[in-house]
Amino acid sequence: MSGYDQTYAAWQADPQTFWAQAAEAIDWNKPPTRVFDPDMGEFGRWFSDAECNTCWNCVDRHVHNGRGQQTALIWDSPVTNSVARYSYSQLLDEVCALAAVMQDHGVTKGDRVIIYMPMVAEAVFAMLACARLGAVHSVVFGGFAAHELSARIDDAAPKLVISASCGLETRRIVQYKPLLDQAIASATHKPETCIILQRNAHPCDLIAGRDIDMGAAVARAKQDNRRPECTSVAATDPLYILYTSGTTGQPKGVVRDNGGHMVALHWSMQNHYGTRPGDVFWAASDVGWVVGHSYICYGPLLQGCATVVFEGKPVGCPDAGVFWRVIQDHKVSALFAAPTAFRAIRKEDPNGDLLGKYDLSHFRSLFLAGERSDPDTVKWAQSKLNRPVIDHWWQTETGWAISGNPVGLGAFPIRLGSPGKPMPGYDVQVLDDAGQPVAPGTLGNIALKLPLPPSCFPTLWNAAERYLSAYFTEFPGYYATSDAGMIDEDGYVFIMARTDDIINVAGHRLSTGAMEEVITSHPDIAECAVVGVADALKGQMPVGFYVVNSGVHRESGDLEGELVSLVRQEIGPVAAFKTAIEVERLPKTRSGKVLRGTVQKIADGQEWKMPAAIDDPQILEEIAQALRKRGYARQLA
Ligand code: COA
Ligand code: AMP
């Protein structure tokens, strides 16, 4: 029997008591007397008069409670052939030493620190060291290029940057330091200090007067037994800023607070993921994404679990059995991954033969999120693993699941294609374009009735106006998720597509608008459109269409190469932009809006209707022809 209905009903009946009880799992320096303050901030704030420290709750308190010898963090790096384990006491030593080094360089409460690191244990130490000092971290994903890093440096204005000499991808070494130097050179804001982790695979030069060798500085702090106290912060103070793709090239700085974030994540670990203190939890993501923030760093440590920091890929490290090897070696009980990872594994090992080589007896459940879970992949994983495969849906803005299936409360029956039912805290509604609720089973805009639960973003960094206009004006009284879908008669949520220009490539959230801005910056390009085209492995891949300036005559292969390089150089390899197709003109409405949705349907070989407002229907046939030449739109051929 699932306890879901009862728990959701208890939240509906009395949200304040529900969250007050959940808050008892947290150590507060000053406990909350107010659970929700509707008058604070734009739409109310959680635990508005409380004080706390997130690092204390993730690390110190477990040591104080006698669990210092228990494993806290396991770093498993097949790309460097290394494994390291840290107990909670050792994690505390590392975090204290790094916090002391940061303090020596002037970091105090409220200062911003950018973390630009590969998947190393030090990235988590750095996040926790910031939390300890009350500083606000902003982790930038390593697959972003210098230009993107530079934009984040200018927006967050960090006092300090923590980075590494390099990261390792399966086929290449990514030198982080030149990207960092380039980003700082082009940024207007200049961070005073950079703390650099030197890695054996490719050590880098340090700039005298600015760069600090992390290893040496941390060793000195340990020798001197430097242990900065946890700084008490307001529950509503920011813990971090995480930039995410919006509809323009300028990323949105999602702000997360300390108190509500801890309460929601702790609740989710116990009730959604069904983990207990001492379990090993593995989120096979990257600290640069929200999944990495919530479930590599904060969630598992808040609950006293061990977390796995994995530096590798699901395939090619050395084979498609690496996930099973890690589950076996570290006795992982719950794995959280993007469906793409499982599509990649299935492609290499369709019969799951490699699974048989490993002992998965500790493994209880697989959780999927980050993109739509296609039923085929879920069925494959279910049949091979013989364990629950739970799809759940959330966004950077929320920090934890909006809908899911709470294993800790007893899972309800899984419905393929659905990421479960709304979690307590979320009143999920499907609205038509006029903002009216639609009948069950009807497609519409998915919106969350205000107020949002703990952990959801209270604002966007430096962009209070954009916070309102991007999320709260379309449907007054609701948060617009920009996801379209439906809720069926039994309350299961289905997420079908984004309603904006965001695409999802291998579980990575990317803005096609940002790619278009880069492409049109090329001197030969008059205009362009980028759409997300269905891809069997990565879910979607960006495909660009461009029109050259009149008088320009270029080999289209050459120009395509330049545009692909430009996007890689400006946004980064993570954009996975590999295809740019020259066309005579773009299909538009009579008011000049490019018909991206129709182009995408044509490329995917889906049925499409001639848009009533189209300027010239012939252009769509030209686009279809161009796509067919490149192997797309096959069903229409
Ligand atoms: N630093 C630098 N470069 C990075 C990077 C990082 N942290 N992460 C990715 N990249 C680069 C890759 O090397 C690749 O570059 P390339 O064009 O030179 O090959 C590019 O960005 C795209 O990376 P990725 O999407 O990871 O593709 P891939 O082809 O290397 O691997 C998969 C394919 C399916 C194995 C991989 O996409 C995967 O593991 N997906 C799971 C996604 C995931 O965990 N998402 C997190 C959200 S929950
Ligand atoms: P991000 O903010 O990077 O976590 O991306 C959030 C977006 O990813 C959502 O708005 C959805 O479009 C998509 N997404 C995340 N999880 C799911 C899921 N389980 N099913 C369908 N789409 C998802």
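Quantities reported herein were computed from a predicted structural model and do not represent experimental measurements. One-based numbering, in listed order, for ligands and for the atoms of each.
Some N or O of Asp391 is nearer than 3.5 Å to an N or O of ligand 2, by distance alone. Residue Thr481 has no nitrogen or oxygen atom sitting less than 3.5 Å from a nitrogen or oxygen atom of ligand 2, judged on distance alone. Considering backbone and side-chain atoms alike, Gln395 places an N or O below 3.5 Å from some N or O of ligand 2. When only interatomic distances are considered, the shortest N/O to N/O separation between Glu397 and ligand 2 does not fall below 3.5 Å.
By the criterion of a heavy-atom distance under 4.0 Å, the backbone of Glu371, and not its side chain, is placed next to ligand 2. The proximity of Thr396 to ligand 2, defined as any non-hydrogen pair under 4.0 Å, involves the side chain as well as the backbone. Within the 4.0 Å heavy-atom criterion, the part of Trp394 lying near ligand 2 is the backbone and not the side chain.
Those atoms of ligand 2 that come under 4.0 Å of a heavy atom in His392, given as number and element, are 16 (N), 18 (C), 19 (N). Atom numbering of ligand 2 starts at 1 in the shown order; those under 4.0 Å from a heavy atom of Gly370 are 8 (O), 13 (C), 14 (N), 15 (C), 16 (N), 17 (C). Heavy-atom proximity to Asn504, at under 4.0 Å, picks out these atoms of ligand 2: 8 (O), 13 (C). Near Ile495, meaning under 4.0 Å from any of its heavy atoms, are these atoms of ligand 2: 21 (C), 22 (N).
Pairs engaging residues 137-148 under the salt bridge (charged side-chain N to carboxylate O under 4.0 Å, His left out) rule: Glu148-Arg152 [sequence neighbours left out].
Here the protein heavy atom with the shortest distance to atom 7 (C) of ligand 2 is Arg498 NH1, 4.0 Å. Of all protein heavy atoms, the one lying nearest to atom 9 (C) of ligand 2 is Asp483 OD2, 3.2 Å. Protein heavy atom closest to atom 5 (O) of ligand 2, with residue, atom name and distance, is Arg509 CD, 3.5 Å.
Legend: residues meeting salt bridge (Lys or Arg N to Asp or Glu O under 4.0 Å) with Glu311, ordered by chain and number and at least two apart, are Arg199. Residues satisfying the ring pair (Phe, Tyr, Trp, His ring centres under 6.0 Å) criterion with Phe43, sequence neighbours excluded, are Phe472.
A salt bridge does not link Lys538 with Glu371: none of the charged nitrogens is closer than 4.0 Å to a carboxylate oxygen. A salt bridge does not link Asp391 to Arg372: none of the charged nitrogens lies less than 4.0 Å from a carboxylate oxygen. A salt bridge links Arg596 with Glu516; the closest basic N to acidic carboxylate O contact falls under 4.0 Å. Salt-bridge check for Glu560 with Arg630: passed, with a basic side-chain N closer than 4.0 Å to an acidic carboxylate O. Checked for salt-bridge contact, Arg343 and Asp376 miss the test: no charged N lies under 4.0 Å from a carboxylate O.
Contact residues of ligand 1 (protein heavy atom closer than 4.0 angstrom to a ligand atom; sorted by chain and number): Phe141, Gly142, Gly143, Glu169, Arg171, Arg172, Val174, Tyr176, Ala284, Ser285, Asp286, Trp289, Val291, Lys313, Pro314, Ala338, Thr340, Ala344, Ala506, Gly507, His508, Lys538, Arg568, Pro573, Val574, Lys578.
The six-membered or imidazole ring of Phe412 lies near that of Tyr492, with a centre-to-centre distance under 6.0 Å. Taking the six-membered ring for Trp and the full ring otherwise, Tyr298 and His293 have centroids separated by 6.0 Å or more.
Between Leu335 and Ala284 the shortest heavy-atom distance is CD1-CB, 4.1 Å.
At most 12 heavy atoms of other shown residues, nucleotides or ligands fall within 6.0 angstrom of atom CG in Asp433.
Screening Tyr295, Trp267, Trp282 for a ring pair (Phe, Tyr, Trp, His ring centres under 6.0 Å) with Tyr273, the sole residue that qualifies is Tyr295.
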